[in-house]
Chemist: 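Have a look at the structure that comes next, please.
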Amino acid sequence: MEIDRQLRMQVPDGWTALTDNIPGLDIYILMIVPADTDLAELEPGTDRPDFAYLTVANLGPTRNGAESYSAAVMESDAENTSSYSDIVALDPVEVDDTTFYGYEGTLIQNGTEAPFQYWHADANDATYKVAIHADADGEFPQDLSDAFKSIDFRR
């Protein structure tokens with residue numbers, strides 16, 4: 001699937017890619033959710049979804065690029081102990097000649113806790129954020145990791 005001539009990503013079987021009118025989540029250019037998702041579950045004010053999902057956002061130009069941005073946001077999230085815990089840096093990952101910088105931890109939202117990974121990369125004169133959220137059991141589906149590793153930024 002190609003998104004707005006910005007990137008391509010392989011959408012795994014059994015998953016659906018949302019690219020327009022994502023309820024309450026219009027900051028994303030892409031969201032990958034299970035194929036049977038009821039979109040009402042994504043509306044603002046609802047509890048965190050029980051299912052795993054992946055999002056991609058174009059953050060626009062950042063002052064010092066993805067590596068510095070990721071480190072600064074990680075530090076900020078680590079200090080926000082009401083919303084995050086167990087924040088640790090991840091080793092950079094190369095995907096199709098693009099370096100992603102990231103961290104992982106636990107997101108605390110609406111009384112539930114679930115693991116996440118946030119990744120940042122520079123491409124197309126912008127910084128992109130890829131977020132992978134685990135399901136209610138704390139599992140990251142391999143399909144979402146594979147989708148992340150299939151990203152190809154259009155140059």
Side-chain angles (χ1 to χ4, degrees), residues 1-44 46 48-77 84 87-107 109 114-155:
M1 160 170 269
E2 185 169 315
I3 310 300
D4 295 336
R5 294 182 297 208
Q6 295 179 53
L7 65 95
R8 280 193 250 182
M9 178 183 275
Q10 182 67 39
V11 179
D13 291 339
W15 297 81
T16 297
L18 307 175
T19 58
D20 294 316
N21 303 318
I22 301 170
L25 301 170
D26 57 358
I27 62 168
Y28 300 113
I29 61 172
L30 173 67
M31 182 174 196
I32 297 177
V33 297
D36 60 354
T37 298
D38 176 359
L39 295 185
E41 294 180 69
L42 303 176
E43 291 290 345
T46 59
R48 185 200 171 281
D50 289 336
F51 52 82
Y53 60 97
L54 179 149
T55 57
V56 180
N58 179 335
L59 303 176
T62 55
R63 186 171 19 190
N64 296 314
E67 184 174 14
S68 295
Y69 180 84
S70 188
V73 175
M74 180 181 82
E75 184 178 317
S76 175
D77 287 350
Y84 297 95
I87 303 287
V88 295
L90 296 169
D91 290 334
V93 171
E94 290 286 325
V95 177
D96 189 50
D97 296 327
T98 301
T99 303
F100 284 84
Y101 304 92
Y103 60 98
E104 65 183 0
T106 301
L107 176 64
Q109 188 177 35
F116 71 88
Q117 292 182 346
Y118 292 164
W119 295 97
H120 303 89
D122 291 320
N124 304 325
D125 298 321
T127 297
Y128 288 82
K129 175 183 179 181
V130 176
I132 305 172
H133 292 269
D135 64 21
D137 296 327
E139 299 295 321
F140 289 101
Q142 185 62 45
D143 284 346
L144 294 184
S145 295
D146 292 346
F148 167 59
K149 293 176 184 166
S150 76
I151 290 176
D152 172 20
F153 287 102
R154 308 301 296 154
R155 292 170 173 64

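Quick note: residue numbers are just sequence positions, from 1. The shown structure was predicted, so the numbers you read here are calculated from the model rather than taken from an experiment.
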Chemist: What pair of heavy atoms forms the shortest contact from Ala114 to Ala134, and how long is it?
Modeler: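 Scanning both residues completely, I find the closest heavy atoms to be CB-O, 4.3 Å.
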Chemist: Taking the side chain as C-beta and beyond, is there a heavy-atom pair between Lys129 and Trp119 under 4.5 Å?
Modeler: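 Result no, sub-4.5 Å side-chain heavy-atom pair not found.
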Chemist: Does any part of the side chain of Ile87, heavy atoms only, come nearer than 4.5 Å to the side chain of Phe116, both counted from C-beta?
Modeler: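 When only atoms from C-beta onward are counted, Ile87 and Phe116 do touch, with a gap below 4.5 Å.
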Chemist: Please check this pair: side chain of Asn58 against backbone of Gly60, looking for a donor-acceptor N/O pair closer than 3.5 Å.
Modeler: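 Yes: the side chain of Asn58 pairs with the backbone of Gly60.
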Chemist: Using a cut-off of 6.0 Å, state whether more than 12 heavy atoms not belonging to Gln10 lie near its atom CD.
Modeler: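 No.
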Chemist: Give me the atom names and distance for the closest heavy-atom approach of Leu30 to Ala17.
Modeler: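 Looking at all heavy atoms of both residues, the shortest contact is CD1-CB, 3.8 Å.
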Chemist: How many angstroms lie between OG1 in Thr99 and CG in Asp122, if you round to the nearest 0.5 Å?
Modeler: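 Answer for the OG1-CG pair, Thr99 versus Asp122, is 9.0 Å.
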Chemist: Between the side chains of Asp77 and Tyr103, does any donor sit under 3.5 Å from an acceptor?
Modeler: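 There is such a pair between these side chains.
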Chemist: List the atom of Pro34, the atom of Ala52, and the distance in Å for their closest heavy-atom pair.
Modeler: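 Heavy atoms only, the tightest pair is CD-O, 3.6 Å.
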Chemist: Side chain to side chain contact (heavy atoms under 4.5 Å, CB included) between Leu144 and Ile32: does it pass, once the steps are laid out?
Modeler: CA-CA 8 Å; Leu144 294 184; Ile32 297 177; 4.0 Å; yes
Chemist: Any heavy-atom pair between the side chains of Leu54 and Trp15 that's under 4.5 Å?
Modeler: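 The answer is no, as the side chains (C-beta and beyond) never meet within the 4.5 Å cut-off.
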Chemist: Evaluate the side-chain proximity of Phe100 to Gln117: yes if any heavy-atom separation is below 4.5 Å, no if none is.
Modeler: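 No, every pair of side-chain atoms sits at 4.5 Å or beyond.
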Chemist: Mind telling me whether Phe153 and Tyr128 have parallel, tilted or perpendicular rings, with 30° and 60° as the class edges?
Modeler: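 Tyr128 vs Phe153 ring planes: tilted.
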Chemist: What heavy-atom pair brings Thr127 and Gly65 nearest, and what distance separates the two atoms?
Modeler: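 Smallest interatomic distance, heavy atoms only, reads OG1-C, 4.2 Å.
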Chemist: To the nearest 0.5 Å, tell me how far Leu18 CG sits from Ile29 CD1.
Modeler: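 These two atoms lie 13.0 Å from each other.
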Chemist: Determine the minimum heavy-atom distance between Asp13 and Asp143, stating which atoms define it.
Modeler: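 Closest pair (atom of Asp13, atom of Asp143, distance): O-OD2, 4.0 Å.
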Chemist: In the structure I gave you, are the side-chain heavy atoms of Val88 and Glu104 within less than 4.5 Å of one another anywhere?
Modeler: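 Of all side-chain heavy-atom pairs linking Glu104 with Val88, at least one is under 4.5 Å.
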Chemist: So, for Ser150 and Val95, which heavy atoms are closest and what is the spacing to 0.1 Å?
Modeler: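 Between these two residues, the closest heavy atoms are N-CG1, 4.5 Å.
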Chemist: To the nearest 0.5 Å, what is the distance between OG1 (Thr55) and CD1 (Ile132)?
Modeler: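 The OG1 atom of Thr55 sits 9.0 Å away from the CD1 atom of Ile132.
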Chemist: Pair up each side-chain donor or acceptor in residues 67-76 with any protein partner under 3.5 Å, not counting sequence neighbours, and list the distances.
Modeler:
from  : atom 1 : to     : atom 2 : distance (Å)
Ser70 : OG     : Tyr101 : O      : 3.3
Ser70 : OG     : His120 : ND1    : 3.0

Chemist: Are Thr106 and Tyr84 close enough that some pair of their side-chain heavy atoms sits under 4.5 Å apart?
Modeler: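 SC-SC contact between Thr106 and Tyr84 ruled out.
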Chemist: How far apart are the C-alpha atoms of Leu107 and His133, what are their side-chain angles, what is the distance that settles it, and do they pass the side chain to side chain contact (heavy atoms under 4.5 Å, CB included) test?
Modeler: CA-CA 9 Å; Leu107 176 64; His133 292 269; 3.8 Å; yes
Chemist: Any donor-acceptor pair under 3.5 Å linking the side chain of Asp135 with the backbone of Asp137?
Modeler: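 Yes; at least one donor-acceptor contact below 3.5 Å.
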Chemist: Using a 4.5 Å cut-off on heavy atoms from C-beta on, say whether the side chain of Tyr53 contacts that of Met31.
Modeler: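 A side-chain contact under 4.5 Å exists here.
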Chemist: Please examine the side chains of Asp96 and Ile151, heavy atoms only from C-beta on, and report whether any two atoms are closer than 4.5 Å.
Modeler: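 A side-chain contact is absent here, since even the closest heavy-atom pair is not under 4.5 Å.
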